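Encoded as C-alpha cells, the structure appears first; notes follow it.
For clarity, every value in this text was computed on a predicted model and none was experimentally measured. Count residues from 1 along the sequence.
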Amino acid sequence: MSDLAAALDIVGARWALLIVERLLDGPQRYGDLQRDLGMGTNMLATRLRELEAAGVLHRLPLRHNTRAYALTDRGLALRATIIALGRWGAEES
C-alpha cells in the first residue's frame, strides 16, 4: 500500500477532513460539530470513532455527560493539507 493510500484510509472517508477542518479552530462539542457540519449523528459518531482510533483526535472530558473533541499533534499536522485542498478547490470554482 502506498503512503497516499494509507493516508486516505484514515482521512479519505466522507466528512473526515471536514471534521478535522472544524477542529483546527479548537476543541468542539459533539452537538456543535453536528450542527455546524449538518451531518447525521450516526455518521458523525462513526467518523469521530475512526479518527480517534487513527490518533487524529481525542475526546476531552467534560461535565454533564457531554463530549468534546480536539486534534492531536497528528491531526494538527493536516492543517497545511487542508489549506492547500481549500485553495485548490477555490481555483476550480
Side-chain angles (χ1 to χ4, degrees):
M1 176 183 300
S2 73
D3 292 342
L4 179 58
L8 289 175
D9 275 347
I10 297 169
V11 296
R14 183 179 175 134
W15 298 102
L17 284 178
L18 295 174
I19 292 168
V20 173
E21 179 187 36
R22 287 290 297 130
L23 294 176
L24 286 171
D25 293 335
Q28 300 285 318
R29 292 177 189 251
Y30 183 92
D32 294 336
L33 284 169
Q34 184 183 16
R35 183 190 67 243
D36 293 346
L37 293 170
M39 61 189 298
T41 187
N42 291 344
M43 180 62 69
L44 178 58
T46 297
R47 290 297 173 258
L48 289 171
R49 277 193 304 272
E50 292 168 353
L51 291 168
E52 185 176 20
V56 174
L57 57 82
H58 65 278
R59 282 184 251 185
L60 298 174
L62 296 177
R63 290 182 253 163
H64 308 299
N65 200 27
T66 60
R67 294 173 285 176
Y69 296 86
L71 293 175
T72 61
D73 288 342
R74 188 170 191 207
L76 290 169
L78 290 166
R79 181 183 303 274
T81 301
I82 289 172
I83 290 169
L85 277 171
R87 286 183 185 148
W88 180 80
E91 291 172 7
E92 296 296 316
S93 301

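- Rounding to the nearest 0.5 Å places CG of Asp36 at 11.0 Å from CD of Glu21.
- Of the charged side-chain nitrogens involved, at least one lies within less than 4.0 Å of a carboxylate oxygen, so that Arg47 and Glu50 count as a salt-bridged pair.
- Within 6.0 Å of the CG atom in Asp25, the count of heavy atoms belonging to other residues, nucleotides or ligands exceeds 12.
- Between Gln28 atom CD and Leu60 atom CG the span is 10.5 Å, to the nearest 0.5 Å.
- Going from atom CZ of Arg67 over to atom CG of Leu48 covers 8.0 Å, rounded to the nearest 0.5 Å.
- Under the 4.5 Å side-chain heavy-atom criterion for grouping Ile, Leu, Val, Met, Phe, Trp and Tyr, Val20 is connected to Met43 within one hydrophobic cluster.
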Would you mind writing out the side-chain donor-acceptor pairs for residues 9-16 within the sub-3.5 Å range, not counting sequence neighbours?
none

Name the atoms and distances for all side-chain donor-acceptor pairs under 3.5 Å in residues 76-86, with sequence neighbours left out.
none

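- In this structure, the separation between CG on Leu8 and CE on Met1 is 10.0 Å, given to the nearest 0.5 Å.
- For Ser2, the side chain to side chain donor-acceptor pair (under 3.5 Å) test picks out no residue, with sequence neighbours left out.
- Under the rule for a salt bridge (charged side-chain N to carboxylate O under 4.0 Å, His left out), the partners of Arg35 that lie at least two apart in sequence or sit in another chain are Asp32.
- Between Gln34 and Met39, the shortest heavy-atom distance links the atoms CG-O, 3.3 Å.
- Taking CG of Leu44 as the reference point, atom CG of Leu18 lies at 11.5 Å (rounded to 0.5 Å).
- With sequence neighbours excluded, no residue forms a side-chain contact (heavy atoms from CB on, under 4.5 Å) with Ala7.
- Among residues two or more places apart in sequence or in another chain, the side chain to side chain donor-acceptor pair (under 3.5 Å) test is passed with Tyr69 by none.
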